[in-house]
Amino acid sequence: DTEVTQTPKHLVMGMTNKKSLKCEQHMGHRAMYWYKQKAKKPPELMFVYSYEKLSINESVPSRFSPECPNSSLLNLHLHALQPEDSALYLCASSLELQQGRGYTFGSGTRLTVV
Amino acid sequence: QKEVEQNSGPLSVPEGAIASLNCTYSDRGSQSFFWYRQYSGKSPELIMSIYSNGDKEDGRFTAQLNKASQYVSLLIRDSQPSDSATYLCAVPTNFGNEKLTFGTGTRLTIIP
């Protein structure tokens, strides 16, 4: 298995809703990442987990709450989002942090906040 | 100065020609460099990595690195219409190399 699987692929949510994005990999990777990508912009790092512990939070608003229940699973809990949070949310993984071998990205969740 | 800079394009290249994509970075301590390809509406796909000065070839792709000039490039030989995509340069930029920072990307169009 050489994939990072993200669900759902598309999500439309209201500003008062609570939803979660899910990311799963079975490659034995110990570092996992959430990126946000707006149209025609590069991916921007949100969170980094290493061995299930939060390593980096890029000053992301608290309406985004990450969770890493185990080494294969990464969630992003969403609450009270704003329309400007609409974007492609990308999960990625790598063998280790700092191993400098690049990431494997999932196919992303396209989020629309209405 | 941005940490990773690319010419945003668009860059149009005739089919069969060589496409040349360029990237500069600001962190002299960076040790690894990556090129990702992203088709419209899709996620980035790693196509090349390079760690040492010089050239690295993989099929029609050649990555070139010059650490003294803080410059990395990607050459695509015999360009095909399927190469039309946005190409993102990515460099680990913080102290522990934990953070992969992307350039703004170059949009490449191969003209049949």
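Residues Phe102(B) and Tyr36(B) bring their aromatic ring centres within 6.0 Å.
Residue contact with chain A, scored on non-hydrogen atoms closer than 4.5 Å, involves the side chain of Gln38(B) exclusively. Looking at Glu44(A), there are no atoms closer than 4.5 Å to chain B (heavy atoms on both sides), in backbone or side chain.
In this structure the side chain of Lys9(A) never reaches within 4.5 angstrom of the side chain of Thr109(A), judged on heavy atoms.
The backbone N or O of Asp78(B) sits less than 3.5 Å from a side-chain atom of Gln80(B), completing a donor-acceptor pair.
When each of Glu58(A), Gln6(A), Arg110(A) is scored by its heavy-atom pairs under 4.5 Å with chain B, the top score falls to Glu58(A).
Not counting sequence neighbours, the partners of Phe64(A) by the ring-ring contact (aromatic ring centres under 6.0 Å, His included) test are Tyr89(A).
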